[in-house]
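If you're wondering where the values come from, they're calculated on a predicted model, not measured in any experiment. Chain naming here is simple, since letters A, B, ... match the order of the sequence lines and numbering starts at 1 in each. Any value given below was found using the heavy atoms of this structure, including those in side chains, with hydrogens, waters and symmetry copies removed.
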Amino acid sequence: EVQLVESGGGLVKPGGSLRLSCAASGFTFSTYTMDWVRQAPGKGLEWVSSISWNIDIDYAESVKGRFIISRDNVKNSLSLQMNSLRAEDTAVYYCARDGGFGYEFSDWGQGALVTVSS
Amino acid sequence: QSALTQPPSASGSPGQSVTISCTGTSSDVGNYNFVSWYQQRPGKAPKLIIYEVSKRPSGVPGRFSGSKSANTASLTVSGLQAEDEADYYCSSYAGSKNYVVFGGGTKLTVL
């Protein structure tokens, strides 16, 4: 069974930093593209960042230059380093596995809440 | 404002069918057969129910079906059940620059 478990969420002041982690199990992590998708309170979904099995990386324009995605294929973990945080970054951040067919997110973690507020 | 346009709400009675639309552009929905649909119940993570326009992952009931015409994709839920009440989001691949874009979501109410 695929399991994705996020950690590292919390309250941070504007301009601050936070690092999210996602522990993966139940599949061969090193062969899958992994993503971060976020959802602001009461709002829709927004793709944030993607990292392929061969470290091809993409970022949404809204986070480019501030967020850094990385993966550790030995520890089966995905990370998102979030710097220069803004109030509009407040959201539940989901770790998601790319299904491998057509840019769909086949499996999701339970989410980690990040609140940016003074 | 979301890149893909969905109606904010939809409704139907048990047993009926309901269709939710998802309108994009020739840069996303109209250019790729990479449209997905997700179901999200309150307080839960989204769940993939349709990928590549019309394919269903294992375990998703056949009551859920997807289609696409030009720049608009559609999700049809047939034989509505109370458990189908949820928010539904569409997404589409949008090329290497924008990667994946989502719709704003549709709240489906089973009357």
- request: Please state whether the side chain, the backbone, both or neither of B:K44 comes within less than 4.5 Å of a heavy atom of chain A.
  value: backbone
statement: Between the CG atom in B:L48 and the CZ atom in A:F101, the distance rounded to the nearest 0.5 Å is 10.0 Å
- request: Carefully, step by step, assess B:Y93 and A:E104 under the rule side chain to side chain donor-acceptor pair (under 3.5 Å).
  value: CA-CA 9 Å; B:Y93 180 63; A:E104 74 282 357; over 6 Å; no
query: For the residue pair B:A45 and A:G109, what are the closest heavy atoms and their distance?
result: CB-O, 3.2 Å
statement: So, the part of A:D98 with a heavy atom under 4.5 Å from chain B: the answer is side chain
field: Per-residue contact mode, B:Q6 against chain A (heavy atom under 4.5 angstrom)
entry: neither
- prompt: Any link between A:I51 and B:V100 through a network of hydrophobic side chains (Ile, Leu, Val, Met, Phe, Trp, Tyr) touching at under 4.5 Å?
  reply: no
message: Report which part of B:P46 has an atom under 4.5 Å of a heavy atom belonging to chain A: side chain, backbone, both, or neither.
response: both
query: Is it the side chain or the backbone of A:D107 that comes within 4.5 Å of chain B heavy atoms, both, or neither?
result: neither
- request: Treat each ILVMFWY residue as a node, draw an edge where side-chain heavy atoms are under 4.5 Å apart, and state whether A:V37 and B:Y38 are in one component.
  value: yes
field: When A:E46, A:K43, A:E61 are compared by non-hydrogen pairs under 4.5 Å with chain B, the top option
entry: A:E46
task: Answer with yes or no whether the hydrophobic clustering places B:V35 together with B:Y89; edges join I, L, V, M, F, W, Y residues whose side-chain heavy atoms lie under 4.5 Å apart.
output: no
query: Any chain of hydrophobic side-chain contacts (each under 4.5 Å) joining B:Y88 to A:W108?
result: no
- request: Examine whether an atom of B:S92 lies under 4.5 Å from a heavy atom of chain A, and if so say whether it belongs to the side chain, the backbone or both; otherwise answer neither.
  value: neither
- prompt: Crowded around A:K13 NZ? As in, over 12 foreign heavy atoms under 6.0 Å?
  reply: no
- request: Hey, can you tell me if B:Y99 and A:Y103 have their rings parallel, tilted or perpendicular (30° and 60° cut-offs)?
  value: perpendicular
- prompt: Is A:L113 reachable from A:L20 through a run of I, L, V, M, F, W or Y residues, each pair having side-chain heavy atoms under 4.5 Å apart?
  reply: no
field: A:L45 side chain near B:S91 side chain, heavy-atom distance below 4.5 Å
entry: no
